[in-house]
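What follows is a single structure, written as structure tokens, with notes after it.
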Amino acid sequence: MKDLIEYIARSLVDDAESVRVDAISDEDQSYELHVAAADRGKVIGRKGRTAHAIRTILAAACEGENVRPSLEIVD
């Protein structure tokens, strides 16, 4: 799951080297996405649409596991 988040984020940002994904809890599928400050708007998107789309993809990837993943975009 971390690889999927990292792949999507690296595709969206200009500074791909600054992308880092940390697993908060593997049982709950909770993750933190760290990007450069200049790229944060690209990952969040207008009115949060891009962030919502990423979370939707994660939910589809976890379908059948009875777990709803969570993704936080942090500094």
Side-chain donor-acceptor pairs of residues 60-74 under 3.5 Å, sequence neighbours excluded:
residue : atom : partner : partner atom : Å
Ser70   : OG   : Ser30   : OG           : 3.1

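If you take CD1 on Ile54 and OH on Tyr31, they are separated by 14.5 Å, rounding to the nearest 0.5 Å.
Under the side-chain hydrogen bond (donor to acceptor under 3.5 Å, both in side chains) criterion, Arg10 pairs with Glu6, sequence neighbours left out. By the side-chain contact (heavy atoms from CB on, under 4.5 Å) test, Asp3 pairs with no residue at all, sequence neighbours left out. In this structure Ala53 satisfies the side-chain contact (heavy atoms from CB on, under 4.5 Å) test with no other residue, sequence neighbours excluded. Listed by chain and residue number, Asp22, His34 satisfy the side-chain contact (heavy atoms from CB on, under 4.5 Å) test with Arg20 (two or more places apart in sequence, or in another chain).
For residues 35-51, the set of pairs meeting the side chain to side chain donor-acceptor pair (under 3.5 Å) definition, not counting sequence neighbours, comprises Asp14-Lys42, Arg40-Asp75.
The shortest distance between side-chain heavy atoms of Leu33 and Val19 falls below 4.5 Å.
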TODO: Assess whether side-chain contact (heavy atoms from CB on, under 4.5 Å) is satisfied between Val21 and Glu32, documenting all intermediate values.
DONE: CA-CA 6 Å; Val21 178; Glu32 285 184 345; over 6 Å; no

